[in-house]
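Written below as C-alpha cells is the structure these notes are about.
By convention in this document, chain letters (A, B, ...) are assigned in the order of the sequence lines, proteins followed by strands, and residues within each chain are numbered from 1.
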There are 2 protein chains.
Amino acid sequence: MPTIYEVAAAAGVSPATVSRVFNGANVSPEKAEAVRRAAKEMSFTPSRTARTLRLQSSEVIALVIPDIENPFFTALARGVEDVARAAGYSVVLCNTDEDHEKELRYLDIALSATMAGVIIAAAGGNSDLSGLIARKCPVVAVDRSPHGVDVDAVIVDNRAGGRAATQALVEQGFQRIACITGPSDVETATQRADGWRDAVTGNGTTDDRYLRFADFRVDGGATAMSELLALPEPPDAVFVANNLMSVGALRVLSEQGKLPPATGVAVFGDLPFLPLVPIPITVVHMPARHLGTTAAKLLLERISGDDQPARTIVLRNQLTPVG
Amino acid sequence: MPTIYEVAAAAGVSPATVSRVFNGANVSPEKAEAVRRAAKEMSFTPSRTARTLRLQSSEVIALVIPDIENPFFTALARGVEDVARAAGYSVVLCNTDEDHEKELRYLDIALSATMAGVIIAAAGGNSDLSGLIARKCPVVAVDRSPHGVDVDAVIVDNRAGGRAATQALVEQGFQRIACITGPSDVETATQRADGWRDAVTGNGTTDDRYLRFADFRVDGGATAMSELLALPEPPDAVFVANNLMSVGALRVLSEQGKLPPATGVAVFGDLPFLPLVPIPITVVHMPARHLGTTAAKLLLERISGDDQPARTIVLRNQLTPVG
DNA sequence: ATGAAAGCGCTAACAT
DNA sequence: ATGTTAGCGCTTTCAT
C-alpha cells in the first residue's frame with residue numbers, strides 16, 4: 001500500500017499537497033494533476049485508518065440490530081442506508097442475535113473505531129449504552145428504546161397497536177383471545193401484550209393462561225400456538241406480537257385445519273410474504289423503512305452537532321385488514 | 001477517551017506496560033493489577049484505530065452481499081458470522097443492492113480500513129476485485145464467483161440444479177416449461193437458465209419466448225409470470241431461478257387461479273416462508289448457511305497465511321419435492 | 001520485567 | 001499556493 005509520502009515523491013510535491021488534493025483544498029491545477037496521475041499510477045488509496053486516527057472520527061455509522069433474518073429489521077436497515085448514503089456515510093450492519101455479549105462487542109467496536117454514530121435496536125433487557133453516551137458518541141435508539149437512558153428514539157406505539165389489533169378481534173366476536181408475544185425482557189413485547197390486556201379486560205379473557213412469551217421467531221410462534229391449542233379450553237383467536245411468530249402460528253393453525261376465519265388472527269407487523277391463498281387476518285402495519293430513515297435523520301443531526309435534549313418520535317402504525 | 005498514556009500515568013507505569021497488560025504479555029502481577037484498576041476506573045477502551053494503524057490489520061471481516069432483504073443472503077450471513085466469531089473476528093455486513101458503485105465503495109473501505117479479509121457475493125457484471133488482490137487482501141467469493149479473477153470461491157452447481165428442477169417438471173408431464181431467471185449479467189442467473197435449457201431441449205420448448213430475465217426480486221417474478229401467462233400459448237409450467245421471484249410468481253398464479261398442481265412450479269432456492277396451504281412445488285434446496293460457514297473457513301485459512309492456489313468448492317444443493 | 005522512543009499514514013497549524 | 005512538522009494512540013524493538 002503506497003502512502004501519501006510515496007505519491008508526493010513521485011509527483012514532486014509535499015505530502016501535505018497530496019492530502020490537499022484528496023480533500024479538495026486549494027492546489028494549483030498543475031500540481032493537482034501531477035498528484036492525481038501519480039496516485040492513479042500507483043493505485044494509491046488513502047488510509048482510512050490513519051485518517052480516522054488523525055481526525056478522531058470516521059464516516060461510517062453502525063446499525064446494530066437483534067435479528068438480521070427478520071425482514072422487519074432488514075427493511076429498517078434499508079431506510080437507514082438510503083439516508084446515510086445520501087449524506088456521504090456508509091453503514092455497517094451488526095447482528096446481535098438478541099445477545100448482550102455480541103451487542104456489547106459491537107458497541108465497543110463502534111466506539112473504539114471512532115465511528116460517526118450508532119443506531120441501535122437494543123437486544124432484550126438493559127442494553128449498556130453508557131459507554132457511548134459518556135464519550136458523546138451520537139446514538140439513536142430505534143424500534144426499542146433502552147431503559148433509563150436519555151437518547152433519541154424512534155418507535156411506534158406498541159401498546160396502542162396491540163390494543164387496536166386485539167380490539168379488532170373482539171369486534172369480530174371472538175371470546176377467548178390469546179396473545180403470543182416476544183421475550184419478557186424486550187420492551188416491545190411487553191408493551192404489545194399490555195395492549196392485548198387492555199382490550200381483553202372486561203371481555204372475560206384477562207386470564208394469563210392465554211398469554212405466551214415466545215422468542216419473536218418462527219419456531220417460537222409455532223410452539224406457543226401449539227400449546228395454546230392444547231389447552232383444555234383453547235382460544236378461538238390469537239393476537240401475535242410480531243411478524244415472524246405469526247408465520248409459525250399460522251403454520252400450526254394450518255396443520256390443525258383451524259386457519260382463519262375459523263380462528264381469529266391479528267398480527268403486529270407485516271407478514272413477510274403474504275400467504276398465497278387469501279386469509280382474513282388483521283395486521284398492524286409497521287413502518288419499518290420509515291423507522292430507519294427517521295432514525296438516520298436524527299442521527300445525522302446529532303453528528304453535525306445538534307445538542308438539544310433527547311427526542312422520542314412515535315411513528316404511526318396503521319391497522320389494516322388483510323386477505 | 002483516555003489513552004494508554006493516561007492509564008500509564010494513573011497506574012504509575014509506562015505506556016508500554018499498559019499495552020502489554022492488554023495484550024497478554026509478561027507483566028508482574030502487581031503492576032498488571034494496578035493497570036487494570038486504573039483502566040477500569042477511567043473506563044479506558046484501547047483505540048482500535050490506532051492499533052489497526054500500527055498493526056496494519058484489524059480483526060474485522062467484511063461480508064459484501066447484493067441484497068440484504070433476501071433471506072438466502074441473511075442465512076448465509078449467519079453462517080459466516082458464527083464461524084468468524086468463534087475465531088475472534090467480527091463481521092460487518094455491507095449491502096450493495098446489486099450496485100457496482102456501492103460495492104466498490106465498500107471494497108474500498110475494507111481495503112483502506114485494512115480489514116482482515118472480505119467475503120463477497122458479487123453484484124451483477126464484473127466486480128472489480130483487483131484492488132484487493134493487488135494488496136493481497138484475503139478474499140473469498142461466495143454464491144457467485146467473479147469472472148476472470150483467481151480467488152477462492154464457494155458455490156453451488158447452478159446449471160445442474162436448474163436442469164434437475166426443470167427435469168422434474170418434464171417428468172411430471174408438462175409440455176411448455178417457462179423459465180424466470182435473474183439479471184443477465186449475474187452468473188448464477190444465466191447458469192440456472194442454462195440448466196433449464198438443457199432440460200427443455202428436445203422437449204419442444206427450447207423457445208426463448210418462455211425465457212424471462214427478471215431481477216431476483218418479488219416484483220420481478222410477478223411481472224415475469226404475468227407476461228408469460230399473457231402469451232398466446234402460455235406455459236403450463238415454470239422454473240423460477242430464485243426464492244424471492246418464486247413468491248411473486250406464485251402470487252400471480254394464485255390470483256389467476258392457476259396455482260399448482262394446475263401449473264407446474266419448480267424453484268431454485270428455498271421458499272422463505274412456506275405457503276400455509278400445502279402446494280406441490282419442486283424445490284432445489286440451497287445450503288445458504290453452509291455456503292457461509294465454508295466461505296468463512298476458507299477466508300480464515302487465507303488470513304492465517306495459507307498461500308495455496310485458489311480453490312473452488314462446489315456445495316451440493318438437493319432436490320426436494322415440497323407441499 | 002520494564003521503560004524510552006520510533007513509527008504506522010494521515011491532517012492541520014504554522015511558516016513561507 | 002505550498003512545505004515543514006507535530007501528533008492522533010498504539011505496538012514493539014532495543015536497552016536496561
Side-chain angles (χ1 to χ4, degrees), chain A residues 1-36 38-39 42-60 108-116 131 135-137, chain B residues 1-36 38-39 42-60 108-116 131 135-137:
Chain A
M1 293 279 276
T3 73
I4 44 171
Y5 287 90
E6 309 175 37
V7 174
V13 301
S14 79
T17 298
V18 177
S19 172
R20 290 188 182 109
V21 169
F22 279 87
N23 292 285
N26 256 356
V27 174
S28 75
E30 312 87 58
K31 302 218 173 196
E33 186 45 35
V35 167
R36 259 185 272 276
M42 323 169 68
S43 60
F44 162 77
T45 309
S47 158
R48 276 173 214 267
T49 307
R51 183 166 208 277
T52 299
L53 179 59
R54 177 60 228 239
L55 261 31
Q56 293 296 314
S57 86
S58 69
E59 275 97 39
V60 5
D108 187 59
I109 290 182
L111 203 53
S112 68
T114 53
M115 291 189 182
R135 270 116 177 153
K136 309 204 175 311
C137 173
Chain B
M1 293 278 276
T3 72
I4 45 171
Y5 286 91
E6 309 176 36
V7 174
V13 301
S14 79
T17 299
V18 177
S19 172
R20 290 186 182 111
V21 168
F22 278 88
N23 291 284
N26 256 355
V27 173
S28 73
E30 313 84 59
K31 302 217 173 197
E33 187 44 35
V35 167
R36 258 185 273 275
M42 322 168 70
S43 60
F44 161 78
T45 308
S47 157
R48 276 172 214 265
T49 308
R51 182 167 210 276
T52 299
L53 179 59
R54 176 63 225 240
L55 261 29
Q56 293 295 309
S57 87
S58 68
E59 276 98 38
V60 6
D108 187 58
I109 291 182
L111 202 52
S112 68
T114 54
M115 291 190 182
R135 270 117 178 153
K136 308 203 176 312
C137 173

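Between the side chain of B/Y5 and the base of D/dC10, a donor-acceptor pair under 3.5 Å is found.
Remark: P of C/dG9 and CD of A/E6 are 8 Å apart, rounded to the nearest angstrom. Atoms CE (A/M42) and P (C/dG9) sit 12 Å apart, rounded to a whole Å. Between B/L53 atom CG and C/dA6 atom P the separation is 17 Å, expressed in whole Å. Atom-to-atom, CZ of A/R54 to C1' of C/dA13 comes out at 8 Å; the value is rounded to the nearest Å. Spacing between atom CE of B/M1 and atom P of D/dG9 amounts to 9 Å, rounded to whole angstrom units. Following rounding to the nearest Å, B/Q56 (CD) and C/dG9 (C1') show an atom-to-atom distance of 8 Å. Computed from coordinates, the A/N26 CG to C/dA12 C1' distance equals 15 Å when rounded to whole Å. For the pair B/E30 CD and C/dT2 P, the computed distance is 7 Å after rounding to whole Å.
Note on B/L55: only backbone sugar-phosphate atoms sit closer than 4.0 angstrom, heavy atoms only; bases stay farther off. Looking at heavy-atom distances under 4.0 Å, B/R20 makes contact with a base. Using a 4.0 Å heavy-atom criterion, one finds that B/F44 contacts the sugar-phosphate atoms exclusively.
Summary of the strand contacts: B/V18 and A/K31 both lie near DNA chain D, and taking for each the nucleotide with the nearest heavy atom, the more 5' one is attributed to A/K31.
Contact check for A/T17 versus A/S14: side-chain heavy atoms found under the 4.5 Å cut-off. You'll find the side chain of B/I4 reaches within 4.5 Å of the side chain of B/F44, heavy atoms only.
Between A/S28 and D/dT2 there is a side-chain N or O to OP1 or OP2 distance below 4.0 Å. Side-chain N/O atoms of B/S47 include none lying less than 4.0 angstrom from OP1 or OP2 on D/dG9. Between A/S14 and D/dT4, a side-chain N or O to OP1/OP2 separation shorter than 4.0 Å is absent. Side-chain nitrogen and oxygen atoms of B/T17 include at least one within less than 4.0 Å of the OP1 or OP2 phosphate oxygen of C/dG3.
When all heavy atoms of B/M42 and B/P2 are compared, the closest pair comes out as O-CG, 3.5 Å. Here the closest heavy-atom approach between residue B/A39 and residue B/V7 is recorded as N-CG1, 4.1 Å.
Of the candidates D/dA1, D/dT2, D/dC10, D/dC10 carries the atom nearest the B/T3 side chain, counting heavy atoms from C-beta on. Across D/dA1, D/dC10, C/dC10, the shortest atom-to-atom separation from the side chain of B/A50 is found for D/dC10. Each of D/dT2, C/dT11, D/dG3 was ranked by its minimum atom distance to the side chain of A/N23; first place goes to C/dT11.
In this structure, CE in B/M115 is found 8.5 Å from OG1 in A/T49, a value given to the nearest 0.5 Å.
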